[in-house]
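Read through the structure below, which is laid out as C-alpha cells, and then see the notes.
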Amino acid sequence: MAKEPMRVLVTGAAGQIGYALVPMIARGAMLGPDQPVILHMLDIPPATDSLNGVKMELVDAAFPLLKGIVATTDVVEACTGVNVAVMVGGFPRKEGMERKDVMSKNVSIYKSQASALEAHAAPNCKVLVVANPANTNALILKEFAPSFAEKNITCLTRLDHNRALAQIAERLNVQVSDVKNVIIWGNHSSTQYPDVNHATVKTTTGEEPVRKLVADDEWLNSEFITTVQKRGATIITVRKASSALSAASSACDHIRDWVLGTPEGTFVSMGVYSDGSYGVPAGLIYSFPVTCSGGEWKIVQGLPIDEFSRKKMDETAQELSEEKAIAYSCLN
C-alpha cells in the first residue's frame, strides 16, 4: 500500500539553500525513496516571483514522489498540517551589524513562524533550524512555540559534521563513507569543536581509530579544527556566496537520520536541547553526538572526554550562553 504523503515546509524557499534543497526533498533524499511528499514553500512578499519560478521548475521536473506544492508568502498557509519544518529563512548578519542586531531581527521572524507552527502544524512536527545563528534561533523558536516538545526542535550542525568527515577522508585518501563517528560539539559557529577522538575508519583489517591512522596530533588539534570551523567563511571568500548545496544536502541527512534512524554503531551530530550531559548547561541547544531510532534522537552517553576537549567544549558552551542572554534580552 502506498504511503500517505508527508508535508514538508521549507522557509526561505526562494533563496539559494531553498533552491538546492527542494529538489532533493522531492527526489526522496530526505524522507526516503518510497515516501511521497507535499512541499510547502514560504518566502517573503518581495520574493514572490522567484518563489513561483521555483514552483514552476518543480512542476517541470516531474518528480514522481511530489504530490503537491504550496508556494506562499502567508505563514499560516505555509505551516498548516506540516510534518517536518526546515527553517532556512532568517535575517543574515550584514557588515557593521552587531550580534544583538541580528538576534533582534530574527526574534521578529521566528516569533511569527513559531506561533504559526504551534497553531497549525501536524502533531509531533519535527523542526530543523538552519538559519544562523542556528542554535539560538532554535531557542527563540521554542520560546514562541511552548507546546512543542523540546525533542522536536533541533538545529543543523550536520554540515559541520560532514565537513569534518570529508577533511579526514581527504587526509587519509579514503572514501568518506568509510569514516564515521566524528563529533561536532557546541555552536554552529567558529567556536564549535570538531572532535575525532571517537572516530574510526573502515580498513581491510577492520575499523581503526582516526588518530592512529592520521598519526599527526598536531594537525588534528589545530589545522583540522580551524579548517572545519572556518569552512563556511572560506567558501564565501572563494564562491562569493555562502554554502548552499552542502547546507541543503546536510539538512536532508539530518532529517533522514532523525526520521529513518542512524546505522548501527554510528552516531551523528545534531544541535539538540542539553539535558546537562557532558557538563553542558541545561537549556542550551548544543551540538552533541546522537543516535536516532523510531523517529527519536538520543544523546550518546559515556564517551571519555580529555582535558583538551573539555576546554573546547566549555568555550563553545560559554558562547552559546552569551548568545542566549542576548536573544532573551531581545524578547522583552
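When each of Leu141, Asn137, Leu156, Ile153 is checked for a side chain to side chain contact (heavy atoms under 4.5 Å, CB included) with Met87, only Leu141 meets the rule.
Between Tyr286 and Phe288, the ring planes lie tilted relative to each other; the angle falls in the 30° to 60° range.
For Glu4, the CD atom counts as loosely surrounded, since its 6.0 Å shell holds 12 or fewer non-hydrogen atoms of other residues, nucleotides or ligands. Counting non-hydrogen atoms of neighbouring residues, nucleotides and ligands closer than 6.0 angstrom, the CZ atom of Phe148 exceeds 12 such neighbours. Within a 6.0 Å sphere centred on CD of Glu307, other residues, nucleotides and ligands contribute 12 heavy atoms or fewer.
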With side chain to side chain donor-acceptor pair (under 3.5 Å) as the test, would you mind laying out the steps for Asn162 and Ser246 before giving the verdict?
CA-CA 9 Å; Asn162 288 351; Ser246 55; over 6 Å; no
Begin with the C-alpha distance, continue with both residues' side-chain angles, and end with the deciding distance and a verdict on side-chain contact (heavy atoms from CB on, under 4.5 Å) for Arg163 and Ile235.
CA-CA 12 Å; Arg163 286 167 170 166; Ile235 288 171; 4.1 Å; yes
After noting the C-alpha distance and the side-chain angles of Phe267 and Asp257, does the key distance pass the side-chain contact (heavy atoms from CB on, under 4.5 Å) rule?
CA-CA 10 Å; Phe267 46 78; Asp257 285 345; over 6 Å; no
Tell me, with the steps shown, if Cys292 and Met270 meet side-chain contact (heavy atoms from CB on, under 4.5 Å).
CA-CA 10 Å; Cys292 302; Met270 289 173 62; 3.9 Å; yes
Full working for side-chain contact (heavy atoms from CB on, under 4.5 Å) between His198 and Val300
CA-CA 11 Å; His198 314 284; Val300 176; over 6 Å; no
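Residues Asp160 and Thr157 bring no donor and acceptor atom of their side chains to less than 3.5 Å of each other. Side-chain contact of Asn187 with Glu323: a donor-acceptor pair under 3.5 Å is present, judged by distance alone. Between Thr227 and Gln167, the side chains place no donor N or O within less than 3.5 Å of an acceptor N or O (distance only, hydrogens not considered). A donor-acceptor pair shorter than 3.5 Å cannot be found between the side chains of Tyr110 and Glu143. Inspection of the Glu315 and Tyr193 side chains reveals no N or O donor paired with an N or O acceptor under 3.5 Å. Side-chain contact annotation: Thr191 with Glu319, donor-acceptor N/O pair under 3.5 Å present.
Not a single donor-acceptor pair under 3.5 Å links the side chain of Thr73 to the backbone N or O of Ile44. Not one N or O on the side chain of His161 forms a donor-acceptor pair closer than 3.5 Å with the backbone of Ile184. Distance alone, capped at 3.5 Å, places no donor-acceptor pair between the Thr80 side chain and the Ala121 backbone. At least one donor-acceptor pair under 3.5 Å links the side chain of Thr226 to the backbone N or O of Glu223.
Between Val290 and Val268 the shortest side-chain heavy-atom distance falls below 4.5 Å. Side-chain contact check for Val22 versus Glu57: every heavy-atom pair is 4.5 Å or farther apart. Between Asn152 and Cys125 the shortest side-chain heavy-atom distance does not fall below 4.5 Å.
Heavy-atom minimum distance, Leu128 versus Cys155: CD1-C, 3.6 Å. In plain terms, the two heavy atoms of Ala85 and Leu117 that are nearest each other are CB-CD2, 4.1 Å.
In this structure, the separation between OG on Ser274 and CD on Glu150 is 10.0 Å, given to the nearest 0.5 Å.
For Ala233, the side chain to side chain contact (heavy atoms under 4.5 Å, CB included) test picks out no residue, with sequence neighbours left out. Residues forming a side-chain hydrogen bond (donor to acceptor under 3.5 Å, both in side chains) with Asp217 (at least two apart in sequence, or on another chain): Arg211. Shown here are the salt bridge (charged side-chain N to carboxylate O under 4.0 Å, His left out) partners of Asp74, two or more places apart in sequence or in another chain: there are none. Every residue two or more places apart in sequence or in another chain that forms a salt bridge (charged side-chain N to carboxylate O under 4.0 Å, His left out) with Lys202 is listed here: Asp178.
A salt bridge between Asp216 and Arg171 is present, with a side-chain N of the basic residue lying under 4.0 Å from a carboxylate O of the acidic one.
Following chains of ILVMFWY side-chain contacts shorter than 4.5 Å, one can reach Leu31 starting from Leu58, so the two form part of one hydrophobic cluster. A single hydrophobic cluster is seen to contain both Leu42 and Phe144, as judged by linkage of ILVMFWY side chains at heavy-atom distances under 4.5 Å, directly or through other members. In terms of hydrophobic clustering, with Ile, Leu, Val, Met, Phe, Trp and Tyr side chains grouped at heavy-atom distances under 4.5 Å, Met41 and Ile255 are assigned to a common cluster. In the hydrophobic cluster analysis, where Ile, Leu, Val, Met, Phe, Trp and Tyr join through side-chain heavy atoms closer than 4.5 angstrom, Leu39 is grouped together with Val54. Note on Val75 and Ile38: separate hydrophobic clusters, where clusters join Ile, Leu, Val, Met, Phe, Trp and Tyr whose side-chain heavy atoms are under 4.5 Å apart, directly or indirectly.
Through side-chain heavy atoms spaced under 4.5 Å, either directly or across other Ile, Leu, Val, Met, Phe, Trp or Tyr residues, Leu65 is tied to no other residue. Think of Met24 as one node in a network of Ile, Leu, Val, Met, Phe, Trp and Tyr side chains linked at under 4.5 Å; its network also takes in Leu245.
For the pair Lys311 and Phe308, the cation-pi test (distance below 6.0 Å, angle within 45°) is failed.
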